[in-house]
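Let me begin by presenting the structure, written as C-alpha cells, before commenting on it.
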Number of protein chains: 2
Amino acid sequence: MEAALRLFARHGFAAVSMRQIAAEVGVQAGALYNYIPDKQSLLFDLMRGHMEALLAARAERPKGGSALARLEDFTRFHIRYHLARPDAVFVSYMELRSLSPENFAVVEGLRRQYEDELESILRAGEAEGSLSAADPRIAAMAVIAMLTGVTTWYRAAGRLTVDQVEGIYWDMVRKSVSV
Amino acid sequence: MEAALRLFARHGFAAVSMRQIAAEVGVQAGALYNYIPDKQSLLFDLMRGHMEALLAARAERPKGGSALARLEDFTRFHIRYHLARPDAVFVSYMELRSLSPENFAVVEGLRRQYEDELESILRAGEAEGSLSAADPRIAAMAVIAMLTGVTTWYRAAGRLTVDQVEGIYWDMVRKSVSV
DNA sequence: TCTATATCTAAACGGTTGTTCAGATCAAAG
DNA sequence: CTTTGATCTGAACAACCGTTTAGATATAGA
C-alpha cells in the first residue's frame, strides 16, 4: 500500500503498472493479488483510508468553544495533518476521476462530511456575529482550497516550519471571514 | 487539440489513448501523426499554449493604479479567465507530472511568471501601507490556490453567476490581505 | 517429521499501448 | 487531364497492460 501510494502520487494511477508496484516491494506482480482483488480496489482503499483517517483525526479535536476558536483549530489541524502526509493528500485530490462511479460516490461523501464541518463553523460564526461569510458554503470551499494548496509548495527543508506556515495561513483565514 | 484537451481533462493524460483521440475527431490514430510528433508534445503544446494565453490575456490588463485596484483586477480576471476554460485549467494543474522534465521546466517557468505578478502586487501594497501580507510569496500562493479552487465546484447551471462568484471571492481576498 | 496453509514465481492470457509505414485517396495547381 | 503534395487508412511492430493459474517454495503447528 505504501509503495503504491508513493508511485501513484509521483506518476499518477493510470501511469503506474502493477509490475512497478510489485518491483517496488520485491515481488512479482501476481503476488499482489493475494492481498487485493484488483488495481481499482487498491486505489479505492488508499483513498477511502485517507479520508476516514482524516475524519477520525478531526473527530478527536475539541468540539466546543467559540466559532473563532473552532475555525482556528480547523485551520491549524488541516495544515498540520495534510503536510504530514503529502502523498495521500495528492492522490486523494488528483485521482478522483480514476475511481469507478460507485467508489467515487463513497469518497465524495467522506469529503463532503469534512467540508460540512467547516461550513457549519462559518454559519455558527455568522450567528454569533463573530464571523462574516457572504456565502458560507463557498467560503468553506475557498478556505479549504487555500489551505490544501500548501501541499503544492511546502518543503520540509524550506525556510518555514509547519508552525510558521500555520500562523501565516491562520492569519489570512481569520481575516478573510472577519466581520 | 480540442478533443485531446477534453479527453485529458475527463480521464487524465495517461488514461487516454491516441486511438480514443483519433476516434473523437473521426480519423485513425496514425493520421494524428501528420500534426504532432508524439503524445508528449500534444500535452506540452496544450499546457504551454494555455499558460502563454493566460499571460498574454493578463498582460492586456491595466498595469497602473493602486495596489488594491490591481489586486481586485487580478482576482476578478483570474476567476473569469479560469471559469471560461475549465478543461485547460484542469489539465494544466493536474498533468504537470505527466510532462517530461524539460517540458515541465518550461510550464513551471510560465506559471511562476503569473504567480510573481500577484506577489509583486502584494509587495507594492505592503509598501503603500494599503495591504498586509506577512509573507507575500506565500500569500500569493494561498490566494491563487483559493481562486483556482473555484473551478472544482463552479457549474454554469448552478445558483451563482460568474459576477457573483467574483464578488464573493474578491471580498475574501481583500480581507485576507487587509491591514 | 509430516501436514496444512500462506505466499511466491513464472508463464501465459487476450487485449491495448504509442508509433511507423506502404499504399490509397483526396484536393488543388499547372 | 495530369501531377503534386497533403492527408488518410489499415496493418503491422514490439512492448506493455491487468489478471489468472499451475506449480514451487516457505512457514508454522501437530
Side-chain angles (χ1 to χ4, degrees), chain A residues 1-50 87-88 90-107, chain B residues 1-50 87-88 90-107:
Chain A
M1 301 295 282
E2 289 169 14
L5 183 65
R6 193 166 46 242
L7 288 171
F8 290 165
R10 196 110 54 213
H11 309 291
F13 174 72
V16 172
S17 70
M18 296 300 287
R19 286 171 179 83
Q20 284 176 57
I21 299 170
E24 192 83 358
V25 288
V27 297
Q28 295 294 320
L32 300 178
Y33 288 85
N34 287 317
Y35 306 94
I36 55 161
D38 50 36
K39 196 187 178 192
Q40 168 72 207
S41 301
L42 176 52
L43 176 64
F44 178 54
D45 287 352
L46 285 172
M47 292 179 69
R48 194 193 45 192
H50 169 68
D87 284 350
F90 202 68
V91 169
S92 292
Y93 279 73
M94 296 284 251
E95 302 295 350
L96 286 168
R97 65 185 169 190
S98 301
L99 290 172
S100 70
E102 310 82 42
N103 291 344
F104 174 80
V106 173
V107 174
Chain B
M1 300 294 284
E2 289 169 16
L5 183 64
R6 192 167 46 242
L7 288 171
F8 289 166
R10 196 111 55 214
H11 309 292
F13 174 73
V16 173
S17 70
M18 296 300 286
R19 284 171 181 82
Q20 284 176 59
I21 300 170
E24 192 82 358
V25 289
V27 296
Q28 294 294 320
L32 300 179
Y33 289 85
N34 287 317
Y35 306 94
I36 55 162
D38 51 37
K39 195 186 177 191
Q40 168 72 207
S41 301
L42 175 52
L43 176 64
F44 178 55
D45 287 352
L46 286 172
M47 293 179 69
R48 194 194 43 191
H50 170 69
D87 284 350
F90 202 68
V91 169
S92 292
Y93 278 74
M94 295 284 251
E95 300 296 350
L96 286 168
R97 64 186 170 190
S98 300
L99 290 172
S100 70
E102 311 82 42
N103 291 345
F104 174 80
V106 173
V107 174

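The sequence lines fix the lettering, A, B, ..., with proteins before strands; numbering per chain opens at 1.
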Per-nt protein contacts along nucleotides 16-22 of chain D (heavy atom under 4.0 Å; B base, S backbone sugar-phosphate only, - none) come out as -BBBB--
Taking it one step at a time, do B:Arg10 and B:Val91 satisfy side chain to side chain contact (heavy atoms under 4.5 Å, CB included)?
CA-CA 9 Å; B:Arg10 196 111 55 214; B:Val91 169; over 6 Å; no
In whole angstrom, what separates [X]'s [atom1] from [N]'s [atom2]?
{"X": "B:Gln28", "N": "C:dA22", "atom1": "CD", "atom2": "C1'", "result": "15 Å"}
{"X": "B:Asn34", "N": "C:dC21", "atom1": "CG", "atom2": "C1'", "result": "11 Å"}
{"X": "A:Leu32", "N": "C:dC8", "atom1": "CG", "atom2": "P", "result": "9 Å"}

Run through A:Leu96, A:Asn103, A:Leu5 and flag the one making a side chain to side chain contact (heavy atoms under 4.5 Å, CB included) with A:Met47.
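Testing each of A:Leu96, A:Asn103, A:Leu5 against A:Met47, the sole residue satisfying side chain to side chain contact (heavy atoms under 4.5 Å, CB included) is A:Leu96.
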Quick check for you: to the nearest 0.5 Å, what is the distance between A:Phe8 atom CZ and A:Leu42 atom CG?
4.5 Å
Which residues satisfy the side chain to side chain donor-acceptor pair (under 3.5 Å) test with A:Arg19, sequence neighbours excluded?
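So A:Arg19 forms no side chain to side chain donor-acceptor pair (under 3.5 Å) with any residue.
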Six-ring centre of B:Phe13, B:Lys39 cation under 6.0 angstrom, axis tolerance 45°:
yes
